[in-house]
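Heads up, the thing below is written out as structure tokens.
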Amino acid sequence: MVAPVLEELAEEYNGQIDIYKVDTEKEEELSAIFGVRSIPTLLFCPLDDHPQFLRGGLSVKRIYKKRFKTYY
């Protein structure tokens, strides 16, 4: 559900942000380190601010576009 939105955002912000997808079933240790307990969980890491989590897929595009505008 979220993957197409992330791909669209990656295209739109190409060269400005990097978007990575992690398979939490294959990367269990990484998931545990970040406390991922539900899917989807998105982690936004701005260079000049604290990391922020967004859990769930509702309004991902709108919320992240708003955050991207704050930093870029």
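Along the sequence shown, residues are numbered consecutively beginning with 1. These numbers were taken from a predicted model, which means no experiment stands behind them.
The shortest non-hydrogen separation linking F34 to F53 is O-CZ, 3.5 Å. Nearest approach of P51 to P46, heavy atoms of both residues: CA-CD, 4.4 Å. Contact between Q16 and E12 at its shortest, heavy atoms only, is NE2-O, 4.5 Å.
Of the inter-residue distances, the one linking T24 atom OG1 with E29 atom CD reads 14.0 Å to the nearest 0.5 angstrom. Here the CD1-CG distance, from I17 to L47, works out to 11.5 Å after rounding to the nearest 0.5 Å. The distance from the SG atom of C45 to the NE2 atom of H50 is 12.0 Å, given to the nearest 0.5 Å.
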**Study point:** side chain to side chain contact (heavy atoms under 4.5 Å, CB included) evaluation trace for L6 with L42
**Key:** CA-CA 10 Å; L6 294 177; L42 304 170; 4.1 Å; yes
